[in-house]
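Only one structure is covered here, and it is reproduced in the block below.
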Number of protein chains: 6
Amino acid sequence: MDNPQTAGIKTVAMSSVREQVYMVFPNDLNSNDTVFGGLIMAHMDRLAAVVADRHAGGVTVTVSVDAVHFMAPAQRGDVLVMHAAVNRAWNSSMEIGVKVEAEAIGGGVRRHILSAYMTFVAVDASGKPRLVPGLQPETSVEKLRFEEAELRRESRLRHAEDLKRLRGNLQR
Amino acid sequence: MDNPQTAGIKTVAMSSVREQVYMVFPNDLNSNDTVFGGLIMAHMDRLAAVVADRHAGGVTVTVSVDAVHFMAPAQRGDVLVMHAAVNRAWNSSMEIGVKVEAEAIGGGVRRHILSAYMTFVAVDASGKPRLVPGLQPETSVEKLRFEEAELRRESRLRHAEDLKRLRGNLQR
Amino acid sequence: MDNPQTAGIKTVAMSSVREQVYMVFPNDLNSNDTVFGGLIMAHMDRLAAVVADRHAGGVTVTVSVDAVHFMAPAQRGDVLVMHAAVNRAWNSSMEIGVKVEAEAIGGGVRRHILSAYMTFVAVDASGKPRLVPGLQPETSVEKLRFEEAELRRESRLRHAEDLKRLRGNLQR
Amino acid sequence: MDNPQTAGIKTVAMSSVREQVYMVFPNDLNSNDTVFGGLIMAHMDRLAAVVADRHAGGVTVTVSVDAVHFMAPAQRGDVLVMHAAVNRAWNSSMEIGVKVEAEAIGGGVRRHILSAYMTFVAVDASGKPRLVPGLQPETSVEKLRFEEAELRRESRLRHAEDLKRLRGNLQR
Amino acid sequence: MDNPQTAGIKTVAMSSVREQVYMVFPNDLNSNDTVFGGLIMAHMDRLAAVVADRHAGGVTVTVSVDAVHFMAPAQRGDVLVMHAAVNRAWNSSMEIGVKVEAEAIGGGVRRHILSAYMTFVAVDASGKPRLVPGLQPETSVEKLRFEEAELRRESRLRHAEDLKRLRGNLQR
Amino acid sequence: MDNPQTAGIKTVAMSSVREQVYMVFPNDLNSNDTVFGGLIMAHMDRLAAVVADRHAGGVTVTVSVDAVHFMAPAQRGDVLVMHAAVNRAWNSSMEIGVKVEAEAIGGGVRRHILSAYMTFVAVDASGKPRLVPGLQPETSVEKLRFEEAELRRESRLRHAEDLKRLRGNLQR
């Protein structure tokens with residue numbers, strides 16, 4: 001449990017956004033009529049920021065994005081459907097899980113476009129990190145995500161070190 | 001060396017963009033006057049797409065983005081300065097390295113905002129993957145990146161499997 | 001019950017969007033730091049169009065917007081939170097109810113910005129109206145809205161005639 | 001006559017915009033190549049705001065929009081042509097009439113897209129309503145609109161009460 | 001008189017736009033709160049294109065812009081007010097005069113920001129130049145502009161040659 | 001040599017941007033699928049502003065743009081490639097040369113779209129002109145541009161007077 005005495009505890013439902021929709025426009029498309037990956041990442045960040053701000057009760061900043069794999073392309077005539085929720089909170093940081101699907105205009109079967117895990121840190125007026133409330137998972141899925149977030153965090157830290165070592169090599 | 005017989009060989013210099021600038025605007029800023037991470041990822045993708053298109057000689061799509069760590073915030077009054085180059089090409093895929101720095105309006109010391117490695121795949125008119133030219137690294141830095149890209153690719157594949165296993169657990 | 005034999009019946013839940021968020025940006029603000037009414041109307045229309053498209057199972061167009069009263073201004077530092085659902089369907093038209101609230105970044109008490117009722121018509125590839133599924137209200141609130149939508153429709157038709165008569169006078 | 005002693009009197013011509021043009025772009029279009037209603041409402045509001053600001057001699061905010069009926073769709077290849085003028089001023093509020101037409105690129109016959117009446121209120125630096133100049137209609141059309149604006153205002157107030165009663169029922 | 005037998009004659013009033021307004025937004029501003037010159041040039045071009053399209057009765061493209069001198073900066077809180085009209089037509093080209101002024105929100109004295117002369121050419125579906133109607137100036141100001149447009153055209157052609165010679169030197 | 005004692009001297013390389021890319025999007029296109037001239041001028045100004053800011057070491061404003069001739073149209077599927085550099089500096093003003101080319105997506109032969117010379121003035125916090133560093137041309141091309149910039153400046157001043165005289169006539 002994270003900092004209950006200083007910043008309280010919140011549930012996942014208090015900050016999550018269950019269904020955010022975005023109709024794809026012509027300017028969002030590559031020459032082969034699939035949506036630019038960067039557009040999807042920008043929407044993903046803006047949505048996750050609202051969720052992180054809600055959990056933190058104030059402004060947060062993106063500090064990292066886990067490896068993102070595009071599983072299927074979104075296309076002309078699609079509506080992006082996005083979900084975002086806090087998976088776990090540490091001292092001043094939170095892991096936000098985002099899932100992006102696509103459905104055709106008019107609805108129907110949704111295709112899975114990507115899932116990603118983003119880390120945000122709460123900052124005060126001077127830009128310094130500040131404590132955030134702990135997270136109280138309630139459902140079995142939330143509890144599973146809560147446990148796995150700790151594994152992902154360790155994997156992230158290891159991966160960050162791997163990258164740093166590789167980049168260190170690179171810049172010699 | 002990748003597919004020299006079918007698609008030729010290109011050097012890094014033939015497709016790289018050495019200095020792309022973007023002046024930060026009020027709409028790009030969080031409430032604490034730092035630039036949204038998603039905006040930077042969108043710029044990063046659009047720039048990398050031009051480089052990947054050049055190396056492939058046609059349209060490409062983003063298939064993955066390695067773990068992205070924001071090392072310092074870009075702020076009001078900054079100009080983003082971005083570099084992108086192909087690090088290695090395989091059959092139909094390419095790793096593009098992107099570095100984003102920030103300088104104050106009027107220039108001066110640059111701060112390192114983030115580095116990221118993105119993977120693009122070349123597609124034909126029906127959206128199917130197609131062969132791309134091999135990459136001929138020339139300078140010692142390019143040769144180092146060429147070698148390390150193979151290590152990163154293996155780490156990516158392992159990391160993708162880790163994520164898949166974690167997500168598999170998550171979705172039970 | 002509307003056209004069950006030709007186009008089936010759908011529930012409200014099949015098409016509604018319960019929580020769409022939009023963080024207010026500097027460009028959305030008047031000189032006195034309140035959000036332009038037109039921006040809110042544009043978001044309202046884009047969200048309602050997704051809901052109408054889902055109910056109709058294809059493209060729809062806006063045909064009217066009921067009188068819109070702004071009850072409180074949205075401001076710098078707000079996140080708009082929007083809900084939209086089908087209230088009733090007739091032959092080729094649907095009434096979509098939209099509610100817009102505002103919460104401060106970080107969450108907290110929501111202020112009611114406006115509620116509006118919009119009418120959409122489903123169109124085929126040549127732009128001609130086409131039948132839409134009937135609506136099956138399930139909850140008591142949905143049943144109440146279903147009944148009131150008929151009253152609003154009559155009021156709309158009367159109001160449209162009033163306006164037409166006034167405009168007729170105006171253009172003599 | 002409204003507040004001549006405190007805020008002066010202005011004519012319609014002093015604030016009206018007779019012809020505002022906007023070329024339709026690909027991003028403004030639905031899947032069936034007609035312009036989104038919300039885009040038109042946003043342009044309508046931004047234009048009316050300039051007119052209201054001019055009459056008031058300072059910042060104003062949108063407080064209501066009368067029922068809007070789209071009479072014909074604007075399409076790819078159209079130029080929107082908009083007119084806006086003050087119809088009447090009360091203590092701190094003004095009715096602005098807006099007419100939107102569409103012409104093909106290259107000009108030609110204009111189609112009537114919609115007419116709407118919007119109400120704006122002048123606000124001071126603290127966001128409180130403040131007096132606006134009275135309106136002096138000059139032409140016979142302006143005088144007719146001036147008279148009818150009073151009827152519309154009464155209809156608006158009645159309609160607002162109808163809506164409030166309906167919504168009151170709805171929220172029980 | 002230009003091509004009366006093939007393309008007819010039009011007056012200035014048939015295509016001109018007398019008052020196009022644009023409220024300056026935060027994203028339009030430099031760090032010193034003045035409007036980017038490029039934004040004003042973009043608005044100027046989009047407005048002049050509508051006027052040229054109207055005179056030509058179809059699509060036109062910008063071929064040149066005369067020397068543009070910014071006489072005063074537009075600023076935060078300003079509304080740009082633009083006028084555009086055809087000054088003269090030749091075989092397939094037209095000179096469009098554009099004047100940009102700025103007024104404070106709420107109106108008041110207008111400051112002259114810039115005047116510019118742009119040349120457009122009418123093109124057919126294959127992008128080839130096509131004849132445009134001649135211009136019939138009616139008022140004394142229109143007649144003066146009509147005469148001077150010929151002088152400006154000669155000056156433009158001379159100036160283009162000067163530039164070409166300078167650039168020729170430059171590229172040796 | 002300009003003001004070495006007060007503001008120092010900089011080389012061309014210290015501020016130039018050698019390759020700025022922009023992929024053309026659907027919203028940037030005319031009905032005949034060529035890029036709006038105004039869009040290109042806006043990009044040209046934003047790029048040149050970064051270069052001028054760097055040379056001046058602070059905020060600058062556009063004061064004039066030399067006659068711009070579009071030599072070939074940029075089209076759907078093109079990437080704009082832009083270069084910008086300081087050609088000469090005077091007391092508080094600088095001439096920035098900009099070249100815009102277009103290449104197809106995937107690269108290949110570049111077409112010359114336009115070259116333009118823009119003048120910027122450095123301003124202090126109160127908007128008053130302030131001294132800028134002198135320019136030290138290094139390569140033979142830079143030295144040629146440095147010499148020719150003086151000729152262009154004289155031509156600009158003469159041309160400005162010509163325009164002023166013509167406009168003076170016009171406004172009688």
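What you see is a predicted model, and the numbers here were worked out from it, not measured in a lab. Residue numbers start from 1 in every chain, and the chains themselves are labelled A, B, ... in the order their sequence lines are given, proteins ahead of strands.
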### Message
With a sphere of 6.0 Å drawn around CZ of Arg18(E), does it hold more than 12 non-hydrogen atoms of other residues, nucleotides or ligands?
### Response
no
Contact origin within [X] toward chain F - heavy atom pairs under 4.5 Å:
{"X": "Thr60(E)", "answer": "backbone"}
{"X": "Asn32(E)", "answer": "both"}
{"X": "Val59(E)", "answer": "side chain"}

### Message
For a side-chain contact (heavy atoms from CB on, under 4.5 Å) check, start with the C-alpha distance between Val63(F) and His69(E), then their side-chain angles and the critical distance, and finish with the verdict.
### Response
CA-CA 6 Å; Val63(F) 294; His69(E) 295 268; over 6 Å; no
### Query
In terms of heavy-atom proximity below 4.5 Å to chain E, should Ser126(F) be classed as side chain, backbone, both, or neither?
neither
### Message
What part of Val123(F) gets within 4.5 angstrom of chain E, counting heavy atoms only: side chain, backbone, both, or neither?
### Response
side chain
### Query
If you take all heavy atoms of Met118(E) and Met41(F), which pair is closest and at what distance?
CE-CE, 4.2 Å
### Query
In terms of heavy-atom pairs under 4.5 Å, which option from Gly58(F), Ala48(F), Ala42(F), Ser64(F) contacts chain E the most?
Ser64(F)
### Query
Can you tell which of Asp124(F), Val65(F), Thr34(F) has the highest number of heavy-atom pairs within less than 4.5 Å of chain E?
Val65(F)
### Task
Determine, stepwise, if the pair Thr62(E) / Phe36(F) fulfils side-chain contact (heavy atoms from CB on, under 4.5 Å).
CA-CA 7 Å; Thr62(E) 315; Phe36(F) 273 99; 6.0 Å; no
